[in-house]
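Below is one structure; the comments refer to it alone.
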Number of protein chains: 2
Amino acid sequence: MVENDLNRVFHALGDPTRRAILDRLAGGEATVSQLSRPFPVSFAAVSKHLGVLERAGLVTREARGRERVCRINPAALNDARSWLEFHQSFWTERLEALAALVEAGPDSPDESR
Amino acid sequence: MVENDLNRVFHALGDPTRRAILDRLAGGEATVSQLSRPFPVSFAAVSKHLGVLERAGLVTREARGRERVCRINPAALNDARSWLEFHQSFWTERLEALAALVEAGPDSPDESR
DNA sequence: ATCATTTTCAACCATATGGTTGAGTATATA
DNA sequence: TATATACTCAACCATATGGTTGAAAATGAT
């Protein structure tokens with residue numbers, strides 16, 4: 001299920017409007033109309049984006065009267081960040097290993113096969 | 001341009017096959033056919049995925065004879081990780097602020113209005 | 001009760017996406 | 001030279017995506 005979540009999270013983050021919505025939400029909660037105001041797309045489009053973000057777990061919508069208050073839920077970013085960090089740490093390790101090899105001496109610089 | 005890169009990187013990471021390719025590549029470089037072997041899609045499909053990953057800067061393809069050697073380039077993950085960490089650190093700060101408020105005393109626990 | 005506001009939903013459209021197959025190109029091998 | 005291998009490219013297909021507009025539903029205000 002983490003797999004599926006990662007799909008949804010990364011896919012949600014792949015759209016600039018949705019990232020902008022999250023940026024805005026980082027400044028505090030907001031209603032759908034407050035959120036949609038600065039964007040050059042229709043109200044309904046923003047509502048759809050919020051649906052995508054909500055399904056990815058990145059945003060929660062809570063009814064308050066006739067409004068929906070949206071909040072960011074950065075906990076959903078954890079899996080994505082873990083994934084990225086795993087790959088980056090792998091890279092760091094490899095670079096360090098390479099540097100160690102290079103420093104150890106130019107005798108066996110190539111062990112790629 | 002970072003914007004555009006983020007679009008491409010997050011979009012590329014949104015597909016499970018592409019993440020699996022990166023996972024595989026984390027184990028070391030591989031040719032396109034080596035990469036495509038374990039996947040239940042056609043050779044051409046994997047080649048396309050590699051194109052997406054390459055355009056996102058996540059993978060490099062280098063010709064070696066008739067083969068293409070693919071390598072992961074985790075440096076491209078930097079922007080994505082920065083973006084995620086910004087939003088998470090924001091969140092952490094807010095949580096800490098909330099915790100501080102709660103500890104400070106139950107007199108003004110609700111300032112959400 | 002009526003009207004306005006906020007939001008979602010449904011239908012629709014153009015384009016993007018991920019997949020296929022088949023042809024084409026370049027390199028290795030017989 | 002002929003043939004097999006590794007790969008990309010082009011054309012095509014089904015579905016997903018992001019956008020629109022126009023109801024519809026629920027709540028607030030008069």
Side-chain angles (χ1 to χ4, degrees), chain A residues 3-25 28-72 112-113, chain B residues 3-25 28-72 112-113:
Chain A
E3 257 309 301
N4 224 326
D5 285 354
L6 269 189
N7 287 351
R8 283 201 262 259
V9 169
F10 279 130
H11 169 251
L13 296 180
D15 183 276
T17 302
R18 286 194 286 265
R19 283 201 310 280
I21 288 175
L22 290 178
D23 284 339
R24 181 104 203 286
L25 245 25
E29 62 182 35
T31 68
V32 180
S33 48
Q34 287 173 335
L35 280 174
S36 84
R37 206 165 299 136
F39 293 106
V41 296
S42 71
F43 195 88
V46 171
S47 182
K48 273 199 194 177
H49 280 305
L50 285 168
V52 173
L53 289 167
E54 195 174 37
R55 256 167 273 131
L58 290 165
V59 155
T60 60
R61 267 186 292 193
E62 185 197 346
R64 184 159 68 193
R66 64 185 160 184
E67 301 180 323
R68 300 285 186 285
V69 175
C70 305
R71 294 191 198 83
I72 196 174
S112 68
R113 169 115 349 149
Chain B
E3 258 307 302
N4 224 326
D5 285 353
L6 269 189
N7 288 350
R8 284 201 262 260
V9 169
F10 278 131
H11 170 251
L13 297 181
D15 183 277
T17 302
R18 286 193 288 264
R19 283 202 310 282
I21 288 174
L22 290 178
D23 284 340
R24 181 105 203 284
L25 245 26
E29 63 182 36
T31 68
V32 180
S33 48
Q34 286 173 334
L35 280 175
S36 84
R37 206 163 302 136
F39 294 105
V41 296
S42 71
F43 196 87
V46 171
S47 182
K48 273 199 192 177
H49 279 305
L50 285 168
V52 173
L53 290 167
E54 195 174 38
R55 256 168 274 131
L58 289 165
V59 155
T60 60
R61 265 185 293 192
E62 187 197 344
R64 184 160 67 193
R66 65 185 161 182
E67 301 181 325
R68 301 287 185 282
V69 175
C70 306
R71 293 190 199 84
I72 196 172
S112 69
R113 172 119 348 146

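Everything numeric here is computed off the predicted structure, so don't read it as measured data. Chain letters run A, B, ... following the sequence lines, proteins first, then strands; residues in each count from 1.
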Task: For the student: nearest non-hydrogen atoms of B:Thr31 and B:Glu67, plus distance - done: CG2-OE1, 3.7 Å
Task: Closest-nucleotide 5' rank along DNA chain D - winner of B:Gln34 and A:Val52 - done: B:Gln34
Open item on the list: Is there a side-chain contact between B:His11 and B:Arg18 in this structure, where contact means two heavy atoms from C-beta onward sitting under 4.5 Å apart?
Closed with: yes
- [ ] Return no unless some side-chain N or O of A:His49 is found under 4.0 Å from OP1 or OP2 of D:dG19.
- [x] yes
TODO: Take the protein atom CZ of B:Arg18 and the nucleotide atom C1' of C:dG19, then report the distance between them rounded to whole Å.
DONE: 12 Å
TODO: Identify which nucleotide among D:dG18, C:dG18, D:dT8 has an atom closest to any side-chain atom of A:Lys48, counting heavy atoms from C-beta outward.
DONE: D:dG18
Open item on the list: So, applying side chain to side chain contact (heavy atoms under 4.5 Å, CB included) with A:Cys70, which one of A:Ile21, A:Leu50, A:Leu53 is it?
Closed with: A:Leu50
- [ ] Quickly work out the A:Arg37 CZ to C:dT5 C1' distance and round it to whole Å.
- [x] 12 Å
Open item on the list: For A:Leu58, run the side chain to side chain contact (heavy atoms under 4.5 Å, CB included) check against A:Ile72, A:Val52, A:Leu13 and tell me which one passes.
Closed with: A:Leu13
Task: Nucleotide C:dA16, atom P - distance to CZ of B:Phe10 in whole Å - done: 22 Å
Open item on the list: Rounded to whole Å, how long is the line connecting atom CD of A:Glu67 with atom P of C:dT5?
Closed with: 13 Å
- [ ] Could you please name the option among D:dC7, C:dT7, D:dG18 that lies closest to any side-chain atom of A:Thr31?
- [x] C:dT7
Open item on the list: Could you tell me how far apart B:Arg64 (CZ) and D:dC7 (P) are, to the nearest whole angstrom?
Closed with: 11 Å
- [ ] Using a 4.0 Å heavy-atom cut-off across all strands, classify B:Ala44 as base, sugar-phosphate, or nothing.
- [x] base
Open item on the list: Could you tell me how far apart B:Asn7 (CG) and D:dG18 (P) are, to the nearest whole angstrom?
Closed with: 11 Å
Open item on the list: Does a side-chain N or O of B:Arg61 approach OP1 or OP2 of D:dT8 to a distance below 4.0 Å, or not?
Closed with: yes
Open item on the list: Between A:Phe43 and A:Gly65, which residue's closest nucleotide on DNA chain D lies nearer the 5′ terminus?
Closed with: A:Phe43
Task: Length of the line joining A:Leu53:CG and C:dT8:P, which is rounded to integer Å - done: 12 Å
Open item on the list: Can you say whether a donor on the side chain of A:Arg66 sits under 3.5 Å from an acceptor on the base of C:dT5, or the other way round?
Closed with: yes
Task: Salt-bridge present (A:Glu29, A:Arg64; N to O < 4.0 Å) - done: yes
Open item on the list: Taking 4.0 Å as the cut-off, does a side-chain nitrogen or oxygen of B:Ser33 come that near to OP1 or OP2 on D:dC7?
Closed with: yes
Task: For atom CG of A:Asp15 and atom C1' of D:dG19, their distance in whole Å - done: 11 Å
- [ ] Assign A:Ser42 to base, sugar-phosphate, or nothing according to its heavy-atom contacts below 4.0 angstrom with the strands shown.
- [x] base
- [ ] Using a cut-off of strictly less than 4.0 Å, decide whether A:Ser47 has a side-chain nitrogen or oxygen near OP1 or OP2 of C:dT7.
- [x] no
